[in-house]
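Note that the numbering runs from 1 along the sequence shown for the chain. Basis for what follows: all heavy atoms, side chains included, without hydrogens, waters or symmetry-related copies.
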Amino acid sequence: MLTVWTGEGVATTTGALTIGDWIPTNGFEVEDLVDTLTLYTDLSISAQHSIPASGLITLTFTSVDIQSAFYNFDTNQQTGSNSGYCYVHYNELYSVSCDVTSATTLNLTTTNILTAGTEIKLTLLTKFNGATPSVTGTSYVAASSFTIDTSAAALTLSYSSNVVKMSTYQFIIAKGFD
């Protein structure tokens, strides 16, 4: 007996990719940010749905450059094939690799299934270079580019209105206090 099915398949709905925090590290506060400042920032994300092995999360930034500055962290102090600095915290647990692909884009690739709701924390070396820095993200099934989750709105940071950039510097060095 041969059975033929017609109609539409199961409907799927794209979920939320949540960008929880994007904050400066090493004692800096968001209020300390100024245009042209380069410093380490921590970014946390989580996906509503599980991301399969070889899945892809793409984060897109505006008004920053995440590729111009880099820190050599391997034993040979080699920069590797890409510039930029992206460190995935607890990578041995999550098996997620990070690749800075341009000044405003990075890709996270999963080696194993990443369970829904798992928070991924990244540290980036970020140069702020525009009016309103922001970040958005989307997760995909890598082989098909099928969207799993996407951020509903960009997470934005605001520069402090209390910090003034100086364009001219003058240093006075005294040898003693006599």
Side-chain angles (χ1 to χ4, degrees), residues 14-30 32-33 36-130 132-157:
T14 302
L17 183 73
T18 303
I19 301 171
D21 288 316
W22 186 22
I23 57 174
T25 62
N26 299 327
F28 283 91
E29 301 292 333
V30 173
D32 299 328
L33 296 178
T36 70
L37 180 65
T38 300
L39 76 157
Y40 289 101
T41 57
D42 286 339
L43 177 70
S44 63
I45 60 169
S46 61
Q48 183 177 351
H49 297 109
S50 295
I51 300 171
S54 299
L56 180 69
I57 301 170
T58 299
L59 297 177
T60 305
F61 298 82
T62 61
S63 300
V64 298
D65 185 342
I66 58 171
Q67 191 176 41
S68 66
F70 59 89
Y71 173 77
N72 298 330
F73 55 90
D74 72 347
T75 56
N76 297 319
Q77 295 292 290
Q78 300 295 312
T79 59
S81 60
N82 66 328
S83 293
Y85 176 82
C86 179
Y87 174 76
V88 180
H89 294 257
Y90 311 111
N91 186 39
E92 61 279 355
L93 181 63
Y94 301 127
S95 297
V96 175
S97 62
C98 185
D99 183 28
V100 178
T101 59
S102 75
T104 58
T105 306
L106 70 82
N107 289 326
L108 299 169
T109 305
T110 59
T111 303
N112 301 317
I113 295 171
L114 188 63
T115 307
T118 301
E119 182 180 69
I120 301 290
K121 182 178 176 183
L122 310 172
T123 297
L124 306 168
L125 188 52
T126 308
K127 179 180 181 183
F128 294 90
N129 62 4
T132 306
S134 68
V135 59
T136 58
T138 304
S139 62
Y140 302 96
V141 176
S144 67
S145 296
F146 175 79
T147 300
I148 301 171
D149 295 318
T150 190
S151 53
L155 175 68
T156 60
L157 300 177

Using atom types as modelled and distance alone, determine if a side-chain donor or acceptor of [X] lies under 3.5 Å from a backbone N or O of [Y].
X	Y	result
D149	S139	no
S151	G137	yes
T136	A154	no
Q48	G15	no

Minimal non-hydrogen separation, [X] against [Y], with atom names:
X	Y	result
H89	T123	NE2-OG1, 2.6 Å
K127	S68	CD-OG, 4.0 Å
G117	S46	O-CB, 4.0 Å
Q67	A103	OE1-N, 3.3 Å

With heavy-atom distances below 4.5 Å as the criterion, would you say the side chains of [X] and [Y] are in contact?
X	Y	value
C86	D99	no
T104	I66	no
L106	F61	yes
L17	I57	yes
L43	I19	yes
I120	Y94	yes
L108	L56	no
W22	S44	no

Going from [atom1] on [X] to [atom2] on [Y], what distance comes out if it is rounded to the nearest 0.5 angstrom?
X	Y	atom1	atom2	result
C98	L124	SG	CG	6.5 Å
L39	F128	CG	CZ	5.5 Å
T41	L157	OG1	CG	8.5 Å

Exercise. Is the number of heavy atoms from other residues, nucleotides or ligands within 6.0 Å of CD1 (I23) greater than 12?
Worked result: yes
Exercise. Taking only residues two or more places apart in sequence or in another chain, which ones pass salt bridge (Lys or Arg N to Asp or Glu O under 4.0 Å) with D42?
Worked result: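 Testing D42 for salt bridge (Lys or Arg N to Asp or Glu O under 4.0 Å), a comparison that skips the adjacent residues, returns K121.
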Exercise. Any side-chain donor-acceptor pair under 3.5 Å between T156 and S134?
Worked result: no
Exercise. So, T105 and T60: side-chain donor and acceptor under 3.5 Å apart, yes or no?
Worked result: no
For this session: Could you tell me if the ring centre of Y40 sits under 6.0 Å from that of Y85?
Result: yes
Problem set entry | From CA spacing to verdict: side chain to side chain contact (heavy atoms under 4.5 Å, CB included), I148, V141 | CA-CA 7 Å; I148 301 171; V141 176; 3.7 Å; yes
